[in-house]
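These numbers come from the heavy atoms of this one structure, side chains and all, not from hydrogens, waters or symmetry mates. Each chain gets a letter, A, B and so on, in the order its sequence line appears, and its residues count up from 1.
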There are 2 protein chains.
Amino acid sequence: MRARLYCERCAVRQTSLCSEVSDEAARELVPIAHHRRIPAGQVIQSDHQGLGWLAIIVSGVVKLVKAQKDGRLQIVGLQYPADFVGHPYLSKNSLVAEATTPLELCCFSRTAFENIMRSHPSLEQALYRRALSDLETAREWMFLLGRKTAREKVASLLISMATRVAPPPACGKAAELPSRFELPLSRIEIADALGLTLETVSREFRHLKDAGVISTAGRRSINILSPAMLHTLAASD
Amino acid sequence: MRARLYCERCAVRQTSLCSEVSDEAARELVPIAHHRRIPAGQVIQSDHQGLGWLAIIVSGVVKLVKAQKDGRLQIVGLQYPADFVGHPYLSKNSLVAEATTPLELCCFSRTAFENIMRSHPSLEQALYRRALSDLETAREWMFLLGRKTAREKVASLLISMATRVAPPPACGKAAELPSRFELPLSRIEIADALGLTLETVSREFRHLKDAGVISTAGRRSINILSPAMLHTLAASD
DNA sequence: ATTGGACTTTGACCCAAATCAAAGGCGCGG
DNA sequence: CCGCGCCTTTGATTTGGGTCAAAGTCCAAT
């Protein structure tokens, strides 16, 4: 199984980098991989001067936060298992990446990784494709922020989180919503992702529960009672 | 002058692709370049099945629009002279690119361009960097959509358009706001870029004029009377 | 120069979501 | 098992920006 090529403990799912690069590139990556665990809430890269590392998420969720000095902040990206964290050729980005749940990472030192990238176009291309996919995600999110109502925003985020947190669908099958999943974000974080306040998020959760679309157990468990209704409320075309 | 390498009529400014790739790559690109003019308002790529072309903007502005069937729409990107339009390895994107002003493009057929890209890593890397830069722009924009007030949104967009529409600053100098520039967007387009309505945009223009920050001449000419005040109102940190 | 139509401005009113305020409940450490 | 914080819910009120409506302008084609 090729996923093992990276690193013994990296049971990263099929979609990860391993299946996108040439065998030689993968073989060179193995020895420079190392694991790391990060507790929830910890910042994972301030990344001064291009130092630090790049990583593939093995388990857990990372939020990318853009903040202003006046205290306002907006979550501008969520990275799930198999996603890449950090960018080579770092554009001194003004982002903070933070674990929203306990995290398992498969890390590569930045310089070693960039060296392999230079000699293996397939690796560079794989990252390029990921950047394009991130861009597409960001633009979809821009539509949500600019044009959707609070209700649609919450429904959309629930769908997107449920899809990404669930195990990947069998090859060739469309992704389906799980009937139950764990929220990787608190109410405040959901609000910061959607450009809302936590009170509004809470009220929309209440509405979804009253409408029989979802039910909750504890603070983080969500049951999706009516996937069809949820999709309708999300109004994603 | 290296800019000429691309194509005789491509007086694309210094920042463009030409200065970012190897000489050999640039030499291969020249023969496949061709020019095209596009009137304002015209859609420039629906790009079915990866056909069509990729282009560098020589003059004019392109808006990237994401629309839903219910009529809501959001501008999710603006491309200015020297920017790239379209993505290789096209991720069948759900975007429509449209000229907001008359446009001059330097076009490359998609397949020819991708072939050159495969044999010239410097070209691929240049596009990768552009994608990362687009991503950074998109995330900045997400903050604006999610967390800024109408006034801050309008001020921010004015600054960004004024900066990009102006001639590039002398090497080593910081970009400075021109005292006068032409808006590349109508009021409706500004509203669609900022997640507002055209009425709100109009009212914020009025406020900026009353406050002596800008003045207008005709529908599209803007005079920046107080760049400092404009920056303050934009609240970009 | 005239004129028609689209773009823009302005005004009046309304509503979705923010803000302010106060309980309530989950879960962790003792 | 208990109690204390913090996260979350709920309620009351406010408000920024949206909606609806009407007048005013720019400008391109006649």
Side-chain angles (χ1 to χ4, degrees), chain A residues 39-41 63 70-74 98 100-102 144-158 182-211 214-223 233 235, chain B residues 39-41 63 70-75 98 100-102 144-158 182-211 214-222 233 235:
Chain A
K63 61 176 174 182
D70 62 16
R72 285 183 284 186
L73 60 88
Q74 172 70 43
E98 192 176 325
T100 69
T101 65
L144 174 147
L145 289 170
R147 295 303 188 198
K148 285 192 177 179
T149 64
R151 184 153 307 161
E152 292 167 342
K153 286 178 176 181
V154 170
S156 300
L157 186 62
L158 284 178
E182 295 294 306
L183 278 182
L185 305 179
S186 68
R187 297 293 183 276
I188 296 183
E189 287 172 321
I190 293 173
D192 286 336
L194 299 176
L196 299 172
T197 59
L198 75 171
E199 293 97 327
T200 299
V201 171
S202 180
R203 281 185 249 273
E204 292 306 332
F205 267 74
R206 163 119 316 279
H207 175 91
L208 290 175
K209 283 187 277 190
D210 289 350
I214 63 169
S215 65
T216 59
R219 285 169 175 167
R220 298 249 174 165
S221 265
I222 301 281
N223 288 80
L233 289 174
Chain B
K63 61 176 174 183
D70 62 16
R72 284 184 284 186
L73 60 88
Q74 172 70 44
I75 294 180
E98 192 176 324
T100 69
T101 65
L144 175 148
L145 289 171
R147 295 303 187 196
K148 286 192 177 179
T149 64
R151 185 153 307 162
E152 292 167 342
K153 285 178 177 182
V154 170
S156 300
L157 185 63
L158 283 178
E182 295 294 305
L183 278 181
L185 305 180
S186 68
R187 297 291 184 277
I188 295 183
E189 288 172 320
I190 293 173
D192 286 336
L194 300 176
L196 298 171
T197 60
L198 75 170
E199 293 97 327
T200 299
V201 171
S202 180
R203 281 186 250 271
E204 293 305 333
F205 267 73
R206 164 118 314 279
H207 176 92
L208 290 175
K209 283 189 276 190
D210 289 349
I214 63 169
S215 65
T216 60
R219 284 169 176 168
R220 298 250 175 167
S221 267
I222 301 280
L233 288 174

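- Summary of the strand contacts: B/Arg206 and A/Arg220 both lie near DNA chain C, and taking for each the nucleotide with the nearest heavy atom, the more 5' one is attributed to B/Arg206.
- In the interface, the side chain of A/Glu189 is not paired with the base of D/dC7 through any donor and acceptor atom under 3.5 Å apart.
- Rounding to whole angstrom units, CZ of residue A/Phe205 and P of D/dT10 are separated by 12 Å.
- Atom-to-atom, CD of A/Glu204 to C1' of C/dA16 comes out at 10 Å; the value is rounded to the nearest Å.
- Between the NZ atom of B/Lys209 and the P atom of C/dT8 there is a distance of 11 Å, rounded to whole Å.
- Results of the side chain to side chain contact (heavy atoms under 4.5 Å, CB included) test with A/Val201 over A/Lys153, A/Glu189, A/Arg187 single out A/Arg187 as the only residue that passes.
- In this structure, A/Arg147 and A/Thr216 both approach DNA chain D, and ranking their closest nucleotides by distance from the 5' end singles out A/Thr216.
- For C/dT9, the OP1/OP2 oxygens have a side-chain nitrogen or oxygen of B/Arg187 closer than 4.0 Å.
- Counting heavy atoms from C-beta on, the side chains of A/Leu194 and A/Thr200 never come closer than 4.5 Å.
- In this entry the distance linking NE2 of B/His207 with P of C/dT9 reads 15 Å, nearest Å.
- A heavy-atom distance below 4.5 Å is found between the side chains of A/Ile214 and A/Lys209.
- Distance B/Leu196 CG to C/dT8 P: 15 Å, rounded to the nearest Å.
- For B/Glu199 and D/dG17, the CD to C1' distance is 10 Å, given to the nearest whole Å.
- Residue pairs satisfying the salt bridge (Lys or Arg N to Asp or Glu O under 4.0 Å) criterion with at least one member in residues 193-205 of chain B, sequence neighbours excluded, are listed as follows: B/Arg151-B/Glu204.
- B/Gln74 places a side-chain N or O within 3.5 Å of a backbone atom of B/Asp192 that can act as its donor or acceptor partner.
- Closest to the side chain of A/Thr149, out of C/dT9, D/dG17, C/dA17, is C/dA17.
- At the phosphate of C/dA17, neither OP1 nor OP2 sits under 4.0 Å from any side-chain N or O atom of A/Thr200.
- Along DNA chain C, the nucleotide nearest A/Lys148 and the nucleotide nearest A/Arg219 are compared for position; the residue whose nucleotide lies closer to the 5' end is A/Lys148.
- When the P atom of C/dA17 is taken as reference, atom NZ of A/Lys153 falls 8 Å away, rounded to whole Å.
- Taking only side-chain nitrogens and oxygens, B/Thr197 comes nearer than 4.0 Å to OP1 or OP2 of D/dG18.
- Taking the side chain of A/Arg203 as heavy atoms from C-beta on, and the options C/dG11, C/dT9, C/dT19, the nearest nucleotide is C/dT19.
- The nearest whole Å value for the distance from the CG atom in A/Leu198 to the P atom in C/dA21 is 16 Å.
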